[in-house]
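Heavy-atom basis, side chains included; hydrogens, waters and symmetry copies ignored. Note that this is a predicted model, so its numbers are computed, not measured. Numbered from 1 within each chain, the chains take letters A, B, ... in sequence-line order.
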Number of protein chains: 2
Amino acid sequence: MTKMNRESRFRDFLSTKGLKYTPERGIILSAILSIKGHFLVEDLYAHIRQSEQGISLATVYRTIPLLLEGGVVREVPSPQGKVAYEQILGNEHHDHLLCTSCGKVIDFKDDLIEKRQDAVCDSHGFEPQGHQMVIKGYCRACASKNK
Amino acid sequence: MTKMNRESRFRDFLSTKGLKYTPERGIILSAILSIKGHFLVEDLYAHIRQSEQGISLATVYRTIPLLLEGGVVREVPSPQGKVAYEQILGNEHHDHLLCTSCGKVIDFKDDLIEKRQDAVCDSHGFEPQGHQMVIKGYCRACASKNK
DNA sequence: ATAGCAATTGAGAATCAATCGCAATTGGAG
DNA sequence: CTCCAATTGCGATTGATTCTCAATTGCTAT
């Protein structure tokens, strides 16, 4: 999907909710589309400042819930307590192994787990929007270091 | 396991790390053992104050990492951004469905998912300590309400 | 086109959980 | 019993996020 397409999708989403597509929101969206992997709010803000377009940090924070609801980004787990995000398009869903020793994040995906998750949701009449799975422990390097 | 047993386990854990078993840590441990389900730091602190034993909030915060590492409590997901805990004994491991609309939390456990998680860890040489899985979406009530 | 109004913005103040600094205290190994 | 590193309390501090509010500005209906 092209950038233009994504912009108009976001615009439609806003419109449906009676919200406006402002230049600021456009700039924030562009910045996000230019970031491939995970990013923190501070990363996003840095990107925006770099591109010489000044936007208030408050506006960035205010826009994030819209981007989440509009299906532009999703939350991803991050080493510390901070919340990280990634754009949904181009980042296939995956789960995470998180090393509590060195902070390393390992992505993985297991189809069987996904299937069972759907089954669990069905059995509870639960309508899933998305999920996050984080397995904490020691990565190979840290595990052997501790021995 | 008796309360005394758990105290001495925690005491052993501390001792192994060259740390002390202080009255404050004893009070905090007792308070946790008296709470059955999930609790936030503020809940724990309230419990402690209730029992007329004054402890600094800072001490509570400082003790939590020890309780985590010592296997007394584990983190559990909570509706908002706050971190919640529960004592491990008496609370079998389970995963969570979290309704983003009403905040309801539904516990579940799926053995097959657990097995696959272990398999994934093996294949990455990853030594798991624990995991958290949260599936966000709409619970039955909220899903039907939205229609 | 244009008026009108609700939505939006920036900037700084405010919040709130969590952490820190430091002087006084204390558990517990030897 | 001694001694020292670990611990505590309390207040100050941090740092992320949210809020306030006056000034702007999309956007819908005319």
Which residue lies more 5' along DNA chain C, comparing A:Leu66 with A:Ala58 via nearest heavy atoms: A:Leu66

Sequence neighbours left out, what passes salt bridge (Lys or Arg N to Asp or Glu O under 4.0 Å) with B:Arg25? Give chain and number order. none

Within residues 25-33 of chain B, those residues having any heavy atom closer than 4.0 Å to DNA chain C are none

If you round to the nearest 0.5 Å, how far is SG of B:Cys99 from NZ of B:Lys136? 12.0 Å

Under the salt bridge (Lys or Arg N to Asp or Glu O under 4.0 Å) test, residues paired with B:Asp95 that sit two or more places apart: none

Linking I/L/V/M/F/W/Y whenever any side-chain heavy atoms sit under 4.5 Å apart, do B:Val76 and B:Leu33 land together? no

Assigning hydrophobic clusters by single linkage (Ile, Leu, Val, Met, Phe, Trp, Tyr; side-chain heavy-atom cutoff under 4.5 Å), is A:Ile48 placed with A:Phe10? yes

Same apolar cluster (I L V M F W Y, side chains within < 4.5 Å links), B:Phe108/B:Leu112: no

Between the two ends of the helix from C:dA1-D:dT30 to C:dG30-D:dC1, what is the bend in degrees, rounded to 10 degrees, where each end axis spans five pairs? 50°

Salt bridge (Lys or Arg N to Asp or Glu O under 4.0 Å) partners for A:Lys20, two or more places apart: none

Tell me which donor-acceptor pairs under 3.5 Å the side chains of residues 66-74 of chain B have, and how far apart each pair is, sequence neighbours excluded?
residue : atom : partner : partner atom : Å
B:Glu69 : OE1  : B:Lys17 : NZ           : 3.3
B:Glu69 : OE2  : B:Lys17 : NZ           : 2.7
B:Arg74 : NH1  : B:Glu86 : OE2          : 2.5
B:Arg74 : NH1  : B:Asn91 : O            : 3.0
B:Arg74 : NH2  : B:Asn91 : O            : 3.2

Can you measure from NZ (A:Lys104) to OH (A:Tyr138) and round to the nearest 0.5 angstrom? 16.0 Å

Write out a two-atom table: protein N or O, nucleotide N or O from nucleotides 16-18 of chain C, distance below 3.5 Å.
residue : atom : partner : partner atom : Å
C:dA18  : OP2  : B:Tyr61 : OH           : 2.2

Only counting residues at least two apart or in another chain, list the ones meeting ring-ring contact (aromatic ring centres under 6.0 Å, His included) with B:His93. B:His131

At a heavy-atom distance below 4.0 Å, which nucleotide of DNA chain D is the first touched by chain A, and which is the last? D:dA16 to D:dC27

If you measure from the Lys or Arg side-chain nitrogens to the Asp or Glu carboxylate oxygens, is any gap between A:Asp107 and A:Lys109 under 4.0 Å? no

Looking at residues at least two apart in the chain, or sitting in another chain, which of them share a salt bridge (Lys or Arg N to Asp or Glu O under 4.0 Å) with A:Glu42? A:Lys82

Please give me every residue in residues 11-23 of chain A whose heavy atoms get under 4.0 Å of an atom in DNA chain C, ordered by residue number. A:Gly18, A:Leu19, A:Lys20, A:Thr22

Please list, chain by chain and in numerical order, all residues satisfying side-chain contact (heavy atoms from CB on, under 4.5 Å) with A:Arg11, sequence neighbours excluded. A:Tyr21

To the nearest Å, how far apart are A:Arg62 CZ and C:dG12 C1'? 12 Å

